[in-house]
There are 2 protein chains.
Amino acid sequence: MKPSIDDVAEAAGVSRTTVSRVLNNRGYISQKTKDNVYKAMKEINYIPNDLARSLFNKRTHIIGLIVPKTSNPFFGELAFHIESICASFGFKVLLCNSVNRMDKEEKYLEMLLRNQVDGVIVVTYNRGIMNYHRENFPVVAVDHYLSEKIPVVGSDNYDGGKQATELLLKKGCRHIIHINGPIELETPANLRRKAYEDIMMENGRTPITYEVSNTFDQQIHRELICKLFDEQPEVDGIFASDDLIAASVMAEAKKRNKVIPSQLKVVGYDGTETGQILLPELTTIQQPIDLIAKTAIDILLKEIEGEFNDLPLETCLPVTLIEGGST
Amino acid sequence: MKPSIDDVAEAAGVSRTTVSRVLNNRGYISQKTKDNVYKAMKEINYIPNDLARSLFNKRTHIIGLIVPKTSNPFFGELAFHIESICASFGFKVLLCNSVNRMDKEEKYLEMLLRNQVDGVIVVTYNRGIMNYHRENFPVVAVDHYLSEKIPVVGSDNYDGGKQATELLLKKGCRHIIHINGPIELETPANLRRKAYEDIMMENGRTPITYEVSNTFDQQIHRELICKLFDEQPEVDGIFASDDLIAASVMAEAKKRNKVIPSQLKVVGYDGTETGQILLPELTTIQQPIDLIAKTAIDILLKEIEGEFNDLPLETCLPVTLIEGGST
DNA sequence: CTGAAAGCGCTTACAG
DNA sequence: CTGAAAGCGCTTACAG
């Protein structure tokens, strides 16, 4: 059996209350007792049971993180930063990959509540998750509106879409097409599309957006891209709403012998570390993933401290245009 | 306050024992009582506290996962599969990013033990982690030897290295250089290097390996690659031990106006989904990440069930050569 | 078929 | 400065 606090108490010849005190460094204890207790803990190889502590304290110092999937470089990087920052605050992370499926999101959320997490950071596309939302349960959403009361942290999608579109225009593109996710999802990413449409109109062009599903099915993405090329023979600029799609666009363009950037210019979105290494030639709008993580955690920690007023309901972090050879 | 089992009992007019029974579906209970209890749970919006259950059961159904960082596509994908498969077995995952730092690995491991995880899957480069290892505590290592008793799951690194080297030879490369991690780390990945060296020798060539640190510092990788090109002007084939390094090699080659594949052929390693999408032209050795995850979990679950004998101490899963335009 | 009691491993008033 | 007692929210023998 694992040694318990009583075993330590016995070994040190004190009461379990005293052991608990030195463990938590609370109250007055003589140095001698302290030393004895520490020695006993070492000797019997004692490791405190955080389950029991949490049960009493009603604080687990665990947060739940729901992302679509960490294999996607954006979410993988976000998960990395969120976990790292949490660790620096003494918080732990229960990881959940929802694959954008609402049924999974709901199950995960219930699981997290059963495990008494102190809060949840959620990157999800489905509002259904709100069924479980309780008044004053700490939740922060990344890049997606969940409800009126849940703070959202994201980057300046409108500015990103604007910069991307303006760059393509500036570079002389005449037929610029946009690829984005389903518009029904109420995500700030819709602002990328909005910006694209606004800028196009301002410049007397007709905006055309192709919608890809959010199923992570590469085959479907490829088919959509083929359709785009087939239907839009004059296309000379594409602004894709993420780098993976942009990469697929570039691959398909190569197949069709369209030379990048002379015949076709491509701009992606996200600018992850991995994207920068694997596809440095792609021009992209970089999101400040570390800042998004930091901000989301700051807000979540405030909620956990019970501060539900004065929360910034929407935080918009700056994006950076990174020009590569694809434009 | 959150409703407890006693609140349910009161609402349903039964004892807390009975509520517990319907919750766990154990023992005989009349259908009528069951219905009453379920109704009461719905009414007061009851969510069982898994902390309390775990405290009693001495089982949390949580496993710890220590990876270097999920922002790396290989580990991000591994984390995704591990978490997904765990979820299908009713297990949850506490995520830890060690950034390959031994001090963090140790802290994380202690944290996991305090949280009473049922087991740990660890992808780490440091044997120090074994300081905390207790007899019969469930641990599985991925791709790295931790101790004689800890099962390791990985892919066939020797075969991967062999296939990569043989391909470059077959394609006519005369000066093939290998890039790998520090040899001190006792990882099965050393076998990639061993295979490269063996095949080179068999073919009367002199193997030359450049070692990169495992610090995730891109700048250091770039510098090493520059050094390689400077020192090895005749190089016409490079086998890199992961796809990110291979990508950096290709980028540097481009800068130096070395045409791929005619003047330089490059083979990477890992073959992640993300790599396939962002850099499909890279020839690579693909690891079966989903299978690695599945196998590691199978073994871990056996350990959790107390089966520590007859464990496969080393599992070697098959790799696949994926030929792209870089060779 | 159902309930009262003890206990999982902790912490914190309350006394002394 | 230290300890006995109660309790966090559950589950499981043990009785009936």
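Please read these numbers as outputs of a predicted model, since none were measured by experiment.
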Check each of B/I66, B/I62, B/D118 against B/L112 using the side chain to side chain contact (heavy atoms under 4.5 Å, CB included) test, and report the only one that passes.
B/I66
Indicate, with a heavy-atom threshold strictly under 4.0 Å, whether A/N57 touches base, sugar-phosphate, or nothing.
sugar-phosphate
Starting from P on D/dT11, measure out to CG on B/D50 and report it in whole angstrom.
9 Å
Atom pair distance, as rounded to whole Å: CG in B/D7 and P in D/dC8
11 Å
Between C/dA6 (C1') and B/F56 (CZ): distance, integer Å
9 Å
base_contact_polar (D/dT11 base, B/R16 side chain, donor-acceptor, <3.5 Å)
yes
Can you tell me the distance, in whole Å, between the CG atom of B/D6 and the P atom of D/dC8?
9 Å
Using only atom types and a distance under 3.5 Å, with no angle test, would you say the side chain of A/S84 pairs donor to acceptor with the backbone of A/F80?
yes
Pick base, sugar-phosphate or nothing for B/S54, based on heavy-atom distances below 4.0 Å to the nucleic acid.
nothing
Which part of the nucleic acid, if any, lies within contact of A/R26, taking any heavy atom under 4.0 Å across all strands shown: a base, the sugar-phosphate backbone alone, or nothing?
sugar-phosphate
If you look at every strand shown and take non-hydrogen atoms under 4.0 Å, does B/L55 touch a base, only sugar-phosphate, or nothing?
base
Cationic tip of A/K69 within the cone over A/F216's six-membered ring, i.e. under 6.0 Å and within 45° of the normal?
yes
According to a strict under-4.0 Å criterion, is A/T17 in side-chain N/O contact with OP1 or OP2 of C/dT12?
no
Taking OP1 and OP2 of C/dG9, is either one under 4.0 Å from a side-chain nitrogen or oxygen of A/S4?
no
Please state whether the phosphate of D/dC8, meaning OP1 or OP2, lies under 4.0 angstrom from any side-chain nitrogen or oxygen of B/N49.
no
Nearest-neighbour nucleotide for the B/L23 side chain, D/dG3, C/dC10, D/dT11 considered
D/dT11
